[in-house]
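Each remark here refers to the structure printed beneath this line.
Note that the structure is a prediction, hence the values are computed from the model and not measured.
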Amino acid sequence: MSFSGNDALKLAEILRRAAQLEILPRFRNLTAGSIRTKTSNLDLVTDADEAAERFIEAEILRAFPKAAVIGEEGVSKNAGLLDGLGDADLAFILDPVDGTLNFASGLPLFGVMAAVTVKGEIVCGIILDPVSDDAAIAIRGEGAWSQRPDGSTTPLRVASPAPLTEMTGNVSWRYLPQELQPVVTGNFARVAMVTNFRCSAHAYRLIASGNQHFSFSSSVMPWDHAAGWLIHREAGGYTDHFDGSPYRPVNRDGGLISAPNKDSWQAVRDALLGSKS
């Protein structure tokens, strides 16, 4: 089964409408009862997450009736939804509000993410920034680009390789094994700058557009990474798990590092996961 450029634009418009109807009206307008915890006080869900996921799922099934839809909020209630991802003829992986902690804090740094898979292979990725109303889009084998509401586009390209001491990147380390946390955080000074945007959507947009060199994530849930992985790859980048094995959206652990090329990946991996000299 193929997924065309027109299909990608149709999906991007669904995400955009969800943002306009369900997400932005609730931004900085949440009541205490509309913010809830899932696994911890740092793992939140809001009415916007749930309403946006319902809207996107309904619109996807209207446009692609035979598709499987796997959303973060749906999986939090029924983990079995993930089981068929690798075999589905056509599946959509959704993060309706990536960066929920930022969204709930009134920080305009969140995104809407969707990836499309065919038999477990990622064929399309879209990351919408609801605030700027533009989307990073990639189709497997056809490149990656940023698309504005007027239809104009800009090709995306990763940063040129740079010495480790000049690299900047986003590091999300909260879900690392406890023994690795002080190792990674203690090695931050080996690179030029480390940020943590608490938002995979913007971390991937930055590295795919060449505005940061790398990203490092301890968690590999597909709604956080499938779309960004393809966008970064189609922009020329390289991603592997910490052990050097390739990423697939069915993988559940192993961490992820993305960088401009394999040599840069290895340099970041050795710098952050190696012991301090």
TODO: Side-chain contact test, heavy atoms from C-beta onward, threshold under 4.5 Å: evaluate it for N170 versus N196 and give yes or no.
DONE: yes
Task: Heavy-atom side-chain proximity of E53 to D49 below 4.5 angstrom - done: no
Open item on the list: Closer than 3.5 angstrom, by distance alone: can the side chain of T185 be matched with the main-chain N or O of Q181 as a donor-acceptor pair?
Closed with: yes
- [ ] Taking all non-hydrogen atoms of both residues into account, name the closest pair between A159 and P260 and its distance.
- [x] O-CB, 3.3 Å
Open item on the list: Could you measure the distance from the CE atom of M113 to the CD atom of E72? Nearest 0.5 Å is fine.
Closed with: 10.0 Å
Open item on the list: Taking side chain to side chain donor-acceptor pair (under 3.5 Å) as the definition, give me every residue that meets it alongside R174, ordered by chain and number, with sequence neighbours left out.
Closed with: none
Task: Between CE on residue M221 and CG on residue L256, distance to nearest 0.5 Å - done: 12.0 Å
TODO: Without swapping roles, check the side chain of H213 against the backbone of G169 for a donor-acceptor pair under 3.5 Å.
DONE: no
Task: F92-I122 co-clustered via ILVMFWY side chain contacts under 4.5 Å - done: no
Task: Criterion side chain to side chain contact (heavy atoms under 4.5 Å, CB included) on L42 and R198, from CA distance to verdict - done: CA-CA 10 Å; L42 296 177; R198 307 189 307 190; 5.9 Å; no
Open item on the list: Can you confirm whether H202 sits close enough to N102 that some side-chain heavy atom of one is under 4.5 Å from a side-chain heavy atom of the other?
Closed with: no
Open item on the list: Assess whether a salt bridge exists between E121 and R248, defined as any Lys/Arg side-chain N lying under 4.0 Å from an Asp/Glu carboxylate O.
Closed with: yes
- [ ] Calculate, to the nearest 0.5 Å, the distance between atoms CD1 and CD1 belonging to I14 and I56 respectively.
- [x] 8.5 Å
Task: Inter-residue atom distance F214.CZ - L164.CG, 0.5 Å rounding - done: 7.5 Å
Task: Pair S4-N6, side-chain hydrogen bond (donor to acceptor under 3.5 Å, both in side chains): steps then yes or no - done: CA-CA 5 Å; S4 69; N6 285 336; 5.1 Å; no
Open item on the list: Donor-acceptor pair, distance only, cut-off 3.5 Å: does the side chain of S105 make one with the backbone of L101?
Closed with: yes
Task: N/O donor-acceptor pair under 3.5 Å between Q147 side chain and S152 backbone - done: no
Task: Considering all heavy atoms, the nearest I231-A144 contact - done: O-CB, 3.5 Å
- [ ] Kindly indicate whether the side chain of T100, heavy atoms from C-beta on, has any atom under 4.5 Å from the side chain of V45.
- [x] no
- [ ] In plain terms, say whether K77 and E73 are close enough for a salt bridge, that is, a side-chain N and a carboxylate O under 4.0 Å apart.
- [x] no
Task: Same apolar cluster: L11 and L90, side chain cutoff 4.5 Å - done: yes
Task: Closest approach of A8 to I137 (non-hydrogen atoms, all atoms of both residues) - done: CB-CG2, 4.4 Å
Task: same_hphob_cluster(Y175, L273) at 4.5 Å side-chain heavy-atom cutoff - done: no
- [ ] List the steps and the verdict of side chain to side chain contact (heavy atoms under 4.5 Å, CB included) for T37 and L44.
- [x] CA-CA 4 Å; T37 60; L44 305 180; 3.8 Å; yes
Task: salt_bridge(E59, R62) N-O dist < 4.0 Å - done: yes
- [ ] Determine the minimum heavy-atom distance between P161 and S264, stating which atoms define it.
- [x] CB-OG, 3.8 Å
Open item on the list: Do I127 and Y247 sit in one hydrophobic cluster, given that two such residues count as connected whenever their side-chain heavy atoms are within less than 4.5 Å of each other, even indirectly?
Closed with: yes
- [ ] List the atom of P149, the atom of R16, and the distance in Å for their closest heavy-atom pair.
- [x] CB-NH2, 3.5 Å
- [ ] Would you name the heavy atoms of L128 and P130 that are closest together and state the gap between them?
- [x] O-CD, 3.3 Å
Open item on the list: If we ignore hydrogens and angles and just use 3.5 Å, is the side chain of H225 paired with the main-chain N or O of S219 as donor and acceptor?
Closed with: yes
TODO: May I ask you to test the W173-V194 pair for a side-chain heavy-atom distance under 4.5 Å?
DONE: no
Task: Rounded distance [0.5 Å steps], CZ in R252 versus CG in L82 - done: 4.5 Å
Task: Pairwise side-chain contact, D89 with K66, heavy-atom cut-off 4.5 Å (strictly under) - done: no
- [ ] Look at the side chain of N211 and the backbone N and O of L206, then say whether any donor-acceptor pair between them is shorter than 3.5 Å.
- [x] no
Open item on the list: When you measure from the side chain of N187 to the backbone of V183, do you find a donor-acceptor pair of N or O atoms at a distance under 3.5 Å?
Closed with: yes
Task: Atom CG of N41 with >12 non-hydrogen neighbours under 6.0 angstrom - done: no
Open item on the list: For the CG atom on D253, are there more than 12 heavy atoms of other groups (residues, nucleotides or ligands in this structure) within a distance under 6.0 Å?
Closed with: no
- [ ] Could you tell me whether the side chain of D47 reaches within less than 4.5 Å of the side chain of R36, counting heavy atoms only?
- [x] yes
Open item on the list: Let's go through R233 and S258 carefully: what are the C-alpha distance in whole Å and the side-chain angles of both, what is the deciding distance for side-chain hydrogen bond (donor to acceptor under 3.5 Å, both in side chains) to 0.1 Å, and is it a yes or a no?
Closed with: CA-CA 9 Å; R233 170 179 154 145; S258 299; over 6 Å; no
- [ ] Return yes when atom NZ of K38 has more than 12 non-hydrogen atoms of other residues, nucleotides or ligands closer than 6.0 Å, and no otherwise.
- [x] yes
- [ ] Enter the distance from L109:CG to C199:SG here, rounded to the nearest 0.5 Å.
- [x] 5.0 Å
Open item on the list: A side-chain contact here means heavy atoms from C-beta on lying under 4.5 Å apart; do S215 and H232 qualify?
Closed with: no
Open item on the list: Please check: side-chain N/O of S218 versus main-chain N/O of S172, any donor-acceptor pairing under 3.5 Å?
Closed with: yes
Task: Worked check of salt bridge (charged side-chain N to carboxylate O under 4.0 Å, His left out) between R26 and E22 - done: CA-CA 7 Å; R26 292 178 167 93; E22 304 292 356; 2.9 Å; yes
Task: Whether F64 and F3 hold their rings parallel, tilted or perpendicular, with breakpoints at 30° and 60° - done: tilted
Open item on the list: Going by ring-ring contact (aromatic ring centres under 6.0 Å, His included), name the residues that satisfy it together with F103, two or more places apart in sequence or in a different chain.
Closed with: F27, F110
- [ ] Without swapping roles, check the side chain of W265 against the backbone of I257 for a donor-acceptor pair under 3.5 Å.
- [x] yes
